[in-house]
Amino acid sequence: MPALTHTRPHPATPGSVDIRLPWWALALPALAFVALLMLILNPADAHAATGDPAVTHLFERVQQLVTR
């Protein structure tokens with residue numbers, strides 16, 4: 001008994017690629033770009049975070065060791 005083979009209902013045309021992106025694949029990078037652009041254009045809104053003094057001293061020590 002011969003084995004049955006399944007054929008594709010719509011044969012693929014050579015050289016064409018059908019890629020569909022979801023809506024958020026374009027919206028999220030665009031939103032991130034706009035947010036970063038707004039931070040660059042208005043740096044007064046970007047405030048430095050206040051951290052623990054011990055962490056600040058540690059980073060200062062690391063910076064001193066690297067620059068020497």
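Computed over heavy atoms, backbone and side chain alike; hydrogens, waters and symmetry mates excluded.
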Taking side chain to side chain contact (heavy atoms under 4.5 Å, CB included) as the definition, give me every residue that meets it alongside [X], ordered by chain and number, with sequence neighbours left out.
{"X": "Gln64", "value": "Arg61"}
{"X": "Ala27", "value": "Trp23"}
{"X": "Pro29", "value": "none"}
{"X": "Leu65", "value": "none"}

Inter-residue atom distance Leu41.CG - Leu36.CG, 0.5 Å rounding:
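So the CG of Leu41 and the CG of Leu36 are separated by 11.0 Å.
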
Restricting to pairs with a member in residues 19-37, which pass salt bridge (charged side-chain N to carboxylate O under 4.0 Å, His left out), not counting sequence neighbours?
Asp18-Arg20

